[in-house]
**Student:** 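Structure incoming, see below.
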Amino acid sequence: MNKENKRAKNNIFLDDRENIVIINPPEDFSFNECLIFLGRSSNEVLHSVVDHSFIKLIKINNEMVFIRVYEENGNLLIEFQNQPSNVEIKLLAANYIWDLFDLDRDLSSFYELAKQDGLLDSLIEKYYGLRLIGIPDLFEALCWAIMGQQINLTFAYTLKRRFTEKYGEQFNWHDDVYFLFPNPDVIAKLEISDLTSLQFTQRKAEYVIGVAKLMSEGKLSKELIMESGDYEEKCKHLISIRGIGNWTADYVLMKCLKEQSAFPIADVGIHNALKIQLGLHKKPTIEEIKELANNWVGWEAYVTFYLWRSLYS
DNA sequence: ATCCAGGAACTGT
DNA sequence: ACAGTTCATGGA
């Protein structure tokens with residue numbers, strides 16, 4: 001069987017090397033910019049960035065798949081550390097990476113729009129090719145948002161690490177241990193005190209377990225949100241859940257559902273980034289941000305992501 | 001020490 | 001609808 005026959009979707013190819021699958025990314029994609037985002041915390045527990053490559057454990061069809069992704073001759077190579085049981089798993093892993101790096105997105109109109117915007121033009125130049133890296137797993141996206149509510153990011157990473165290392169499935173490889181984000185079924189069975197002992201606040205423990213129960217009971221899922229209607233309906237659906245307010249709903253729609261119009265306008269990161277980019281002496285008001293955002297319709301999520309990117313040089 | 005952090009629920013008007 | 005209060009903890 002030749003390579004053409006084994007082609008998965010456009011731009012994903014099997015290689016002669018048994019442990020490699022190749023992704024041919026779009027022109028306006030910068031793996032390096034994405035790595036800078038992915039490597040922003042040394043306390044990240046769910047992946048690592050080492051030596052210009054992205055390393056992550058994922059689970060596909062109930063199978064642990066441990067991959068390293070790196071660039072070679074303008075292509076993205078997915079290198080399987082442990083050999084998957086069949087070709088389908090490999091192609092699904094490539095699809096996962098394709099989606100994680102948002103490679104389906106055609107950024108040309110975003111860049112056109114940004115060139116006309118005095119604030120964005122320098123950002124798209126500096127971070128050209130940066131893609132909105134998502135959180136495909138809804139439970140992870142919700143938990144991460146809840147954990148991050150009203151605390152500094154450093155501590156949020158600590159909470160996520162403790163949570164994951166205690167309740168996530170683990171995989172041992174070459175004397176190291178790697179983790180998957182915990183499953184809602186596991187978290188749904190916990191007591192509040194199980195999480196407050198990890199320094200979750202009482203509230204956050206309640207929220208996370210509550211979300212886990214909803215998902216475990218099948219009352220909440222990515223599919224159910226997608227089916228709940230237009231953006232506003234999806235937002236309402238999420239906000240009806242205890243612990244999820246405007247910010248979290250927008251954040252999750254942006255990072256998990258990949259809604260291009262998602263805009264967590266109350267986010268202090270956005271406020272700080274705008275303050276710096278605009279050279280203001282204090283953070284802009286919501287009204288001022290809304291005014292600016294009139295130019296960003298349809299690309300608010302990308303604007304947000306680029307603004308966040310600007311906060312860690 | 002003091003302020004604040006990738007907010008949200010609750011309460012009172 | 002809207003504003004003020006409470007939650008709770010670590011980082012800078």
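In what follows, every chain begins at residue 1, and chains take the letters A, B, ... in the order their sequences are listed. This is a predicted model, so every value here is computed, not measured.
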**Student:** Is there any side chain to side chain donor-acceptor pair (under 3.5 Å) pair reaching into residues 259-279 of chain A, and which pairs are they, with sequence neighbours excluded?
**Tutor:** A:K234-A:E259, A:W247-A:D267, A:D267-A:W308

**Student:** Using whole Å, report how far CD1 of A:I286 lies from C1' of C:dC2.
**Tutor:** 15 Å

**Student:** Considering only residues two or more places apart or on different chains, which pairs with a residue in residues 121-136 of chain A satisfy side chain to side chain donor-acceptor pair (under 3.5 Å)?
**Tutor:** A:D28-A:R131

**Student:** If we take the P atom in both B:dT11 and C:dA8, what is their distance in whole Å?
**Tutor:** 14 Å

**Student:** For residues 181-190 of chain A, which residue pairs qualify under side chain to side chain donor-acceptor pair (under 3.5 Å), counting only residues two or more places apart or in two chains?
**Tutor:** A:D185-A:S216

**Student:** Which residues pass the side-chain hydrogen bond (donor to acceptor under 3.5 Å, both in side chains) test with A:N19, sequence neighbours left out?
**Tutor:** none

**Student:** Between A:I146 (CD1) and C:dT9 (P), how many Å, whole number?
**Tutor:** 18 Å

**Student:** Provide, to the nearest angstrom, the distance between the CD1 atom belonging to A:I192 and the P atom belonging to C:dA8.
**Tutor:** 11 Å

**Student:** Just jot down the ring-ring contact (aromatic ring centres under 6.0 Å, His included) partners of A:F54, sequence neighbours excluded, or say none.
**Tutor:** A:H47, A:F101

**Student:** For a quick check, with a 4.0 angstrom heavy-atom cut-off, what is the B/S/- contact string for nucleotides 2-13 of chain B, read 5' to 3'?
**Tutor:** ---BBBSSS---

**Student:** If I pick the C1' atom on C:dA3 and the same atom on B:dG6, what distance separates them, to the nearest angstrom?
**Tutor:** 23 Å

**Student:** Using ring centroids (six-membered ring only for Trp), state whether A:F110 and A:F305 fall under 6.0 Å.
**Tutor:** no

